[in-house]
Q: 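The structure's right below; bear with me while I get my questions together.
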Amino acid sequence: MPARYLVTSALPYANGPIHFGHLAGAYLNADIFVRYKRLTGAEVLFVCGTDEHGAPILVNAEKEGAHPRDYTDRWHQAIKQSFERVDIAFDHFSRTSRPVHYELTQHFFRRLVERGAITTRVDDQVYCEVCKRELPDRFVVGTCPKCDFDAARGDECPRCAAAFDATELKAPRCKTCGTNASKRPSKHWYLDLPALRPELEAWLEARFPAWKPNVVGEVKKYLADLKPRPITRDLQWGVPVPLEEAKDRVFYVWFDAPIGYISSTREWAAQQGKPDDEWERWWKDPGTQLVHFIGKDNIAFHAVIFPSMLLGQREGYVLPDVPANEFLNLEGQKFSTSGGWFIAIDDFVDRFPADTLRWTLTRSAPETRDSDFTYKDFQTRVNAELLGTFGNFASRVLKFVQARHQGAVPAAQADPGEPERRALEALRAGVAAAAAELDRYSTRGAAERVLEVGYAANKLIEERQPFKLINTDPAAAATTINVAVRLLEGLAVLLFPFVPGTATRLWAQLGLEGDPTRRRWQDAAEPADPAGRAIGALDQHLFQRVEDKTVEAEVARLRAGATPPPEKAAAPPAAPAKAEAPAAAGKPPISFDAFAALDLRVAKVVSAEAVPKADKLLRLELELAGGERRTVLSGIRAWYPPEALVGRQVVYLANLEPKKIRGVVSQGMVLAANDVGDVAVLLQPERGVPDGARVS
RNA sequence: GGCGACGUAGCUCAGUCGGUUAGAGCGGCGGCUUCAUAAGCCGUAGGUCGGCGGUUCAAGUCCGCCCGUCGCUACCA
């Protein structure tokens, strides 16, 4: 076992709130691991920070009329606070917008160039003279090279469905400012992953046996098609490329972001007043085990790309373990901050103790596959596990000490009985088993081992029934209670990484000084004899019951809050109330004439069939007045089997310009409402009306 | 349609390198108990480990096909 651990959690993107899914995937497990390792006496550093570059932040900041700096300031604060509220105890939480990070990123680049791990390539790019930037495909419009349609997009033509490169467009224009754009050759820099492949693979092959199958699979997939990756782009927001010929360029956000782990470490060292080379102890000493806790979407970056960057430095950087988690769902559906399908952490912690959230998310963590958070599950974990097993055991033992032993732990007989020996053995086994789980990064498995100690502890009371035994054999009853108090102390230490606040309160109830970090993890297996010690105040239960009606209310709140409009949920909590949103629907007002321009009709579906090679598409034949037929494509296959549609009426936009999709011309569109989770719900007249009837 | 995953008791899930009668919690049912937050403990539920075929002395655990679910992606006017 290494004696030093450098632990990182994925840098959250400063573009939205963190939610349960993030916590369960990369933060809670890291925090638990860190607390555990500290208890074992290892030297541990836990760093993180916000990732603040990239186009999405720039775009969203612009949308608000804010400088990206101010925009990320707000999100950085909001995210940091959320972590604090669930006791994620980073040693340092930095930001990738700090000067130290700029310097280090540029240094990384220079080293990679020196080591021959950077290549360049020159390609034509569409460039806008007015905006003074190269245009990504989706910011270009122009004339289709195939059919001369004059409003073709940068990647394809909406009329003839041809796909092409933006540079192939005739007369390309900038979508933002509308002026003509030009083509010009443009040089970009690439991280030469194939050049680093031999060292990379040698390291990976050695680590694979210890890694989770989902991580290994993902990495192998990536290695199978390993190509140089562009690391520069033409953007105003990011770390500048330190070359005269690239002074209008910044690094791709994925390039600078992981370097944030290192810059965060350096910033921490500086703030602690440590020597200048302190950070190198953490990053370059082979005695350090680096661990990246991330979600599965980040595997390639942390297991392939960033290690390649580290190897490419040739400075002896240590390489990581990558215990990636899968995704957490919410009540059976994907989290969606834009769709409102998420639970804000601050909101939740306002109503329930952080420890109950920590425990539930740990017990349901998506370690081997996607898992689900439900309020029902939350209730069970709180009531049955935290309260029923741990809280109850503490309560029944300590209240007994208080009532029957005047608040001082009674002495044990020299030779405790068999049930006591078994219970203490269960504690010892739990300490070892939980450690083994944690050493392989399974916080979920470890929590289960701790729970088993709780089961064994309650069994001891059942077997001995000290509340009866005290009348016939007081010394034996006292022994049981004495042992039970030892079990509580052991449990307090074992529980500390998972529910630090509660474990600390239990510590006080046990009449102990400070908190469980006074002990070593290993000591939890052999608590000292507590005989004679006065227990603390029992004024408060360790956990409160979660009632059925509370669960129902929370689920209702969640569903109510999930109603789209999409944008509203993503507003940063700290954002000043913005100018009135343009109506609830989020679109600017239109004139009546604009509305009247729509030819909306009721139509009857006369036939419906799936479109080949398209999962979502249905081809509908609609009938209007006088038997007029129209063919329409609609992406509702997932929710409406074709046969269920025939004969019913729908609302139909008749004068939408036709578009060819999958070889079929669609003449207009069928209207549907968007339910939670993007489910389409067809509109239909309240009662039958003649086919072709106008809608106004 | 392409790529990737997954499909174990009513529910949520464990099942490392293939090897004795396939597990836990919750729920249900039946008991016990009253120290404890109506908490706890015991027993029970007898599930073709999605289906078919294959490899093997032996497969939930490896391979192929099929069915189903999900994610990413294309399409969703």
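So that the names make sense, note that chain A is the first sequence line, chain B the second, and so on, each numbered from 1. All values derive from a computational prediction rather than experimental measurement.
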Q: Taking the inter-plane angle between the rings of A:His405 and A:Phe400 on a 0 to 90° scale, is it parallel (under 30°), tilted (30 to 60°) or perpendicular (over 60°)?
A: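 Judged by the thresholds at 30° and 60°, the geometry between A:His405 and A:Phe400 is tilted.
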
Q: For atom P, what is the distance between B:A39 and B:A45, given to the nearest Å?
A: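 To the nearest whole Å, 25 Å.
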
Q: Should the ring pair A:Phe20 and A:Phe348 be called parallel, tilted or perpendicular, given that the plane angle runs from 0 to 90° and is split at 30 and 60?
A: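 Ring orientation, 0 to 90° scale: perpendicular.
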
Q: Taking B:C3 as the reference, what is the distance to B:A59 when you measure between their C1' atoms (whole Å, please)?
A: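 One C1' to the other, the span is 28 Å.
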
Q: For B:C3, give its Watson-Crick or G-U wobble partner with both distances under 3.5 Å, or none.
A: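 Pairing partner: B:G71.
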
Q: Mind checking the C1' distance from B:C41 to B:C35? Whole angstroms is fine.
A: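 To the nearest whole Å, 13 Å.
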
Q: At 4.0 Å (heavy atoms only), tell me whether A:Thr368 reaches a base, stays on the sugar-phosphate, or touches nothing.
A: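 It contacts sugar-phosphate atoms only.
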
Q: What's the CD-P distance between A:Glu448 and B:C13, to the nearest Å?
A: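 For the pair A:Glu448 CD and B:C13 P, the rounded distance is 14 Å.
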
Q: What is the pairing partner of B:C62, taking Watson-Crick or G-U wobble pairs with both distances under 3.5 Å in any strand?
A: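 Here B:C62 is engaged in a pair, and the nucleotide opposite it is B:G54.
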
Q: How would nucleotides 34-41 of chain B be written as a contact map, 5' to 3', with B for base contact, S for sugar-phosphate-only contact and - for no contact, using protein heavy atoms under 4.0 Å?
A: SBBB-SBS

Q: Could you tell me which nucleotide pairs with B:C32 by Watson-Crick or G-U wobble geometry, both distances under 3.5 Å, or answer none if nothing does?
A: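 Check on B:C32: paired to B:G40, both distances under 3.5 Å.
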
Q: Without hydrogens or angle criteria, can the side chains of A:Lys399 and A:Gln402 be said to hold a donor-acceptor pair below 3.5 Å?
A: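 A:Lys399 vs A:Gln402: no donor-acceptor pair found between side chains.
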
Q: Going by distance alone, is a donor N or O of one side chain under 3.5 Å from an acceptor N or O of the other, for A:Glu326 and A:Ser371?
A: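 Their side chains do not contain a donor-acceptor pair, so the 3.5 Å distance test is not met.
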
Q: If you count the non-hydrogen atoms of other residues, nucleotides and ligands that lie under 6.0 Å from CZ in A:Arg648, is the total more than 12?
A: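 Result for CZ/A:Arg648: enclosed.
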
Q: Measure from NZ or CZ of A:Arg229 to the centre of the six-membered ring of A:Trp254 and say whether it is under 6.0 Å with the direction within 45° of the ring axis.
A: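 Judged by the rule, A:Arg229 and A:Trp254 form a cation-pi pair.
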
Q: Could you tell me whether A:Ser364 contacts a base, only the sugar-phosphate backbone, or nothing, with contacts defined as non-hydrogen atoms closer than 4.0 Å?
A: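 Result for A:Ser364 = nothing.
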
Q: Classify the side chain of A:Arg464 versus the base of B:U33 as yes if they form a donor-acceptor pair under 3.5 Å and no if they do not.
A: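 Flag unset: no donor-acceptor pair detected.
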
Q: For the residue pair A:Ser666 / A:Arg619, report whether a side-chain donor-acceptor contact shorter than 3.5 Å exists.
A: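 No, because no side-chain N or O of A:Arg619 sits under 3.5 Å from a partner of the opposite role on A:Ser666.
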
Q: So A:Arg444, base contact, sugar-phosphate only, or nothing? Heavy-atom distance under 4.0 Å.
A: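 Here A:Arg444 touches the backbone only, sparing every base.
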
